[in-house]
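Values below: all heavy atoms of this structure, side chains included; hydrogens, waters and symmetry mates excluded. Proteins get letters first, then strands, A, B, ... in listed order; numbering begins at 1 in each.
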Amino acid sequence: MFIQKPKGTYDLLPGRSFQRNFIETKLREVFSDFNYSEIRTPAFEKTSLFRRGIGEETDIVSKEMYSFNEDEFTLKPEMTAPVIRAYLENSLYNESPLKKLFYISNMFRRERPQAGRFREFSQYGAEAIGSGDYLIDAEMILLADTILKKFGIYDSKIKINTIGSLSERENYIKVLKNYLSKYINELSADSRRRFETNPLRILDTKDKKDLEVLKDAPLLYDYLNEDTKSFFEKILFNLKLLNVNYETDYRLVRGFDYYTSTTFEFTSESLGAQNSLLGGGRYDLLVEQLGGKPTPAIGFAAGIERFEMILEEKKFCFPSEKEIILYVASIGEESKISALNIMNSLRNSGIKCETDFLNRSVKSQMKEANKCNARYAVVIGENELKNNSFQLKKMSDGNEISITNFENLIEYLKNENQTSSS
RNA sequence: GCGGGUAUAGCUCAGUAGGUAGAGCGUCAGAUUGUGGUUCUGAAUGUCACGGGUUCGAGACCCGUUACUCGCCCCA
């Protein structure tokens, strides 16, 4: 057997790779409309960046990272920490108090692969660093929503919550643990474990008995102070003004330690078990945690593979690849060389063309021209070279027109190419 | 880390009650000497995932391994 690709990876083959490029191009357009600039960071970072940024106790850091060189480096499992690192390292805060950055990049997590989940996967996302204004929260959610709508996705569900500040949360966790401790024996094994490691995440459970217990549990929202609540309400109010259809979900908790205040998630029914299409939120403590000055920030990340799954489900109409204008069939050494010459001129004018490199029969070459969807075909043999005259065949109807002279042929195709591409 | 499913040609799959492999699609070639699409003819390609067992004989039955896949956990 051949050596196979590593588990959880995939090859982007011709066709699919074209669609991926289309998606990325369109994403860049929308990000640009919102005045976000692209940032690219290394594929790997110092392991300590993720330990400090994402949180030692999170699943990702504790068991899903690809680390090497005796744990010195790690392939990036997410982009927020690297973006903030680059932001600080390059003093981007000196350029302007608010930096709006976006990225499209691949990530690595050592998880068990399944539908919509890979070990190497791609995300697009945005980070707005430097503003604590509620309107940037609203704009961030609007940005994510706009992207989906640009691709014809109108039915994803937007869930929003606020998890308050660190101290509000710590307060609440005490109350929650106090409440849950009375029912600890009724909780699922998972929730009992989380009771110690990450009590907030118990709110996320899908276990029926857990949900029963949680029904009367205290709500985080009730333990937030008025400022936090009114900040949240202002975001909601403005989303309404912007016609963004959200729903509040007071049990929405995010997995990384760095989130504060606003959190949101977009889900889609058509995704199967991994129905989370996009997730994000505010992380006002991270910049400081990574050694910068206290700086409010907010961002989101979306999975490109899951995005593609939805587009496929919705039968999104991708444009087709640039068509081959001319297929040059040749007979013999001399005409092969001329063929390459003609193509050289055509390509210099941006005209896509192809010829045979397998020394096949004219019949086979014509079949090839047909298969690759060439708009025109021309046969170059001794006669054509001697008379400097060509039969240009239109593949769609089989009609041929006579053209004398290389230059005329090239001119003719140039005109044809222009009329089609407009 | 824990469960379920699957494993036959490049792809989609047949393979009957165990008798040492087939179809469709695709690929390639040919149907008068230099012209595609339809049609016809022909060709190539499989250690039937791997290892062991039962049997005179296993792609089919049993056991193990591996890979893939779907789910749990968590996440995009």
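In this structure, the side chain to side chain donor-acceptor pair (under 3.5 Å) partners of Tyr10(A), at least two apart in sequence or on a different chain, are Arg20(A), Glu305(A). Residues satisfying the side chain to side chain donor-acceptor pair (under 3.5 Å) criterion with Asn399(A), sequence neighbours excluded, are Asp397(A). Residues passing the side chain to side chain contact (heavy atoms under 4.5 Å, CB included) test with Asn21(A) are Glu24(A), sequence neighbours excluded. Every residue meeting the ring-ring contact (aromatic ring centres under 6.0 Å, His included) condition with Tyr172(A), not counting sequence neighbours, appears here in chain and number order: Tyr223(A). By the side chain to side chain donor-acceptor pair (under 3.5 Å) test, Tyr87(A) pairs with no residue at all, sequence neighbours left out. Listed by chain and residue number, Ser165(A), Leu224(A), Asn225(A), Thr228(A) satisfy the side chain to side chain contact (heavy atoms under 4.5 Å, CB included) test with Glu168(A) (two or more places apart in sequence, or in another chain). Residues that satisfy the side chain to side chain contact (heavy atoms under 4.5 Å, CB included) test with Glu45(A), not counting sequence neighbours, are Thr41(A), Pro42(A), Leu49(A), Phe50(A), Pro82(A), Arg85(A).
For Asn370(A), whose side chain is taken as the heavy atoms from C-beta onward, the closest listed nucleotide among G37(B), U27(B), U35(B) is G37(B).
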So which protein nitrogen or oxygen atoms get under 3.5 Å of nucleotides 9-11 of chain B's nitrogens or oxygens?
none

Can you name the atoms? Protein N/O to nucleotides 39-46 of chain B N/O, anything below 3.5 Å, with the distance.
none

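For the contact set between residues 301-308 of chain A and RNA chain B, defined by any heavy atom under 4.0 Å, the members are Ala301(A), Gly303(A), Arg306(A).
With a cut-off of 3.5 Å on both pairing distances, the Watson-Crick and G-U wobble pairs of RNA chain B assemble into stems of 3 or more at B:1-7 with B:66-72, B:10-13 with B:22-25, B:27-31 with B:39-43, B:49-53 with B:61-65.
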Sequence-aligned protein contact record of nucleotides 64-69 of chain B, with B where the base is within under 4.0 Å of a protein heavy atom and S where only the sugar-phosphate is: ---SS-
